[in-house]
Amino acid sequence: MPEEIKAGCAPSECGTKSACSGCSSNPNATIQKDPPKVKKVIGIISGKGGVGKSLVSGELSVMFRRLGLRVGIMDADITGPSIPHMFGVHEKAYGNDTKLFPVRTTNDIKLMSINLMLETDDTPVIWRGPVIAGVVKQFWEDVDWGELDCMVIDMPPGTGDVPLTVFQSIPLDGVIIVTTPQDLVGMIVRKAVNMANMMNIPVLGLVENMAYAVCPDCGRQIEIFGNSNIQSLAAEFSLPVLARLPINPKAAELCDHGQIEKVVDPQMEDAAKFLASSLELI
Ligand SMILES: Nc1ncnc2c1ncn2[C@@H]1O[C@H](COP(=O)(O)OP(=O)(O)OP(=O)(O)O)[C@@H](O)[C@H]1O
Ligand SMILES: [Mg+2]
């Protein structure tokens, strides 16, 4: 087999034969990559940090899984990854010459995050934008996701390098915009909707997080951040409100303890059913 090049060829031969073009040992090779077999890809975005994107990404993945779907979750927040912690995943991902393998959560959700590759969970990622964007691209192209019904992508906040890379290099079927009920939210949601429109990505709906607190004594809903304007925002863009989530100390505690798969959240359950049905996954 004189033309077949394998890892272990003499270094002097590397890149000299026609078969070298597909060899992972050849730094100049263009390896033919099959796109992941994922039926639907959903990005969770917001123009603002700390509004609950990761919580919504995690809960939505859990609810999809409870519907019996094969689910993957990609943590595209490279500098602030929080998905592995929520799922109590601390082991490292492994890989071979050409592929990286996602880690499986307790309930068999496939998970990939930069934290599965760092030496310790608190090692900081101090990389420039293009390098970070390259990692996200690799999470799509070089991870062996197997066959999935849906993939949820937890995005970093804003409209910077990473969301742009995801929008341009991953075939998103839609995005969900997460907001909290505060004054600036109108502008922030509009920016996110406009970015999705400019990139021709459908917006699947809005989630208003921390919309209210429930009084533990009388059960009354208290809108601590002021009156919600989510319905009028949704009407402005003809979008569904997928959920108005209360401040939920139990959910936050489960996330902190790596047990998001135990969360009970009827609203997210309904949102997952609605999405799965409108995306024809069930
Ligand atoms: N509805 C809620 N009730 C109680 N705590 C919440 C709720 N939503 C989010 N939290 C908590 O608020 C914190 C921020 O949430 P989360 O990490 O999901 O936000 P994020 O938008 O992903 O933030 P970042 O922009 O930094 O990625 C977390 O500790 C989370 O557990
Ligand atoms: Mg986050």
Side-chain angles (χ1 to χ4, degrees), residues 42-63 73-89 109 111-116 118 121-122 124-125 129 132-133 135-136 139 151-166 175-182 184-185 188-189 191-192 195 205-216 221-226 228 230 241-272:
I42 302 171
I44 311 296
I45 66 169
S46 167
K48 199 164 167 253
V51 295
K53 291 176 297 299
S54 300
L55 179 109
V56 169
S57 304
E59 283 201 13
L60 194 58
S61 307
V62 168
M63 301 307 167
I73 181 163
M74 183 201 289
D75 187 354
D77 195 344
I78 306 298
T79 52
S82 45
I83 296 294
H85 183 79
M86 279 182 181
F87 281 86
V89 166
I109 294 171
L111 190 161
M112 182 48 74
S113 167
I114 195 70
N115 256 18
L116 309 184
L118 299 176
D121 284 356
D122 40 23
V125 169
I132 293 174
V135 171
V136 171
F139 279 180
M151 180 187 290
V152 176
I153 305 186
D154 180 28
M155 303 269 224
T159 48
D161 267 346
V162 168
L164 193 60
T165 302
V166 171
V175 291
I176 292 169
I177 300 174
V178 183
T179 90
T180 49
Q182 278 143 355
L184 284 173
V185 156
I188 288 158
V189 171
K191 269 191 205 290
M195 182 176 187
L206 307 178
V207 171
E208 187 180 42
N209 189 26
M210 307 190 218
Y212 54 90
V214 179
C215 171
Q221 294 185 5
I222 308 159
E223 303 205 332
I224 7 191
F225 296 119
S228 164
I230 195 75
V241 177
L242 298 169
R244 287 191 71 228
L245 304 177
I247 293 180
N248 182 346
K250 181 71 191 160
E253 192 187 324
L254 287 171
C255 288
D256 272 355
H257 290 94
Q259 297 188 327
I260 193 171
E261 283 170 297
K262 290 188 181 161
V263 86
V264 176
D265 189 335
Q267 289 205 53
M268 284 307 287
E269 207 176 311
D270 288 348

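Atoms within each ligand, like the ligands themselves, are counted from 1 in listed order. These numbers come from a predicted model, not from an experiment. Both backbone and side-chain heavy atoms feed into the values below; hydrogens, waters and symmetry mates do not.
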Exercise answer: donor-acceptor pairs, residues 249-257 side-chain atoms, under 3.5 Å, sequence neighbours excluded:
{"residue": "His257", "atom": "ND1", "partner": "Glu253", "partner atom": "O", "Å": "2.8"}

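Between the side chains of Glu208 and Thr180, no donor-acceptor pair is found at a separation under 3.5 Å.
Across every non-hydrogen atom of Val135 and Ile114, the tightest pair is CG1-CD1, 3.9 Å. Between Ala76 and Val136, the shortest heavy-atom contact is O-CG2, 4.0 Å.
Taking a heavy-atom cut-off of under 4.0 Å, ligand 1 is surrounded by Gly49, Gly50, Val51, Gly52, Lys53, Ser54, Leu55, Asp77, Pro157, Asn209, Met210, Pro246, Ile247, Asn248, Ala252.
Between atom CD1 of residue Ile132 and atom CD1 of residue Ile78 there is a gap of 7.0 Å, rounded to the nearest 0.5 Å. Note that the CG atom of Leu116 and the CG atom of Asp75 stand 8.0 Å from one another [nearest 0.5 Å].
Asp77 places no side-chain N or O within donor-acceptor distance of the main-chain N or O of Met155, the cut-off being under 3.5 Å.
Annotation: protein N, O or S atoms under 2.8 Å of the Mg ion (ligand 2) (waters excluded) comprise Ser54 OG.
No option in Thr179, Ile44, Leu60, Leu245 other than Leu245 meets the side-chain contact (heavy atoms from CB on, under 4.5 Å) test with Val207.
Sequence neighbours left out, not one pair with a member in residues 257-267 passes salt bridge (charged side-chain N to carboxylate O under 4.0 Å, His left out).
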